[in-house]
Peer 1: 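Structure below; questions to follow.
First listed ligand is number 1; within each ligand, the first listed atom is number 1.
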Amino acid sequence: MNNFRIGYGYDSHRFEPGRRLVLGGVEFPGETGLRGHSDADALLHAVIDALLGAAAMGDIGARYPDTDLRWKDADSAALLADVARDLAAAGWSVANIDATVICERPKLRPKVDAIRARIAEILGLDASAVSVKGKTNEGMDAAGAGLGVVCHAVALLTRKEQDEH
Ligand code: MG
């Protein structure tokens, strides 16, 4: 018998000229980057919060406070790997991830498979367990006005029932 836990994560970052853009652990050369204490990878931040939420293990802001210089310009892939280690230590396996990235630019589709492969690599999953979808906001609200990138993610965790037999 397995236990299942679903988690949801959200993140948004504003564009900031002069910074490199990294989404889902993949660079977008020539595109405007995002403001943030870490590398501002909003997609990985949403995935991290979905995973932490599923395990009820807090949230990214509590684990990696932006007041702590240790996380200045942090590689979010390393943060995700750190979370994955803690989940595994607690007996959790990631069943799948599904994420949506909302921005007017860059166009995500050309890099979607690279992003899926990168997230899967960090989590030790097959890429078929990681879905990433890009959307515009049809010109509406802040993301639609091109002010930044908004990401939503859900994650399913599974773990063997601990009190069986
Ligand atoms: Mg963030």
Peer 1: Output yes if Asp11 passes the N/O/S-under-2.8 Å test against the Mg ion (ligand 1); output no otherwise.
Peer 2: yes
Peer 1: Within a strict 4.5 Å, meaning less than it, do heavy atoms of the Leu52 and Met57 side chains meet?
Peer 2: yes
Peer 1: Looking only at N, O or S atoms in His13, which is nearest to the Mg ion (ligand 1)?
Peer 2: NE2
Peer 1: Looking only at N, O or S atoms in His45, which is nearest to the Mg ion (ligand 1)?
Peer 2: ND1
Peer 1: Do you see a donor-acceptor pair shorter than 3.5 Å between the side chains of Tyr64 and Asp82?
Peer 2: yes
Peer 1: State, without any angle test, whether His37 and Asp66 hold a side-chain donor-acceptor pair at a distance under 3.5 Å.
Peer 2: no
Peer 1: Out of Ile119, Val130, Leu51, Leu156, which residue meets the side-chain contact (heavy atoms from CB on, under 4.5 Å) rule with Val94?
Peer 2: Leu51
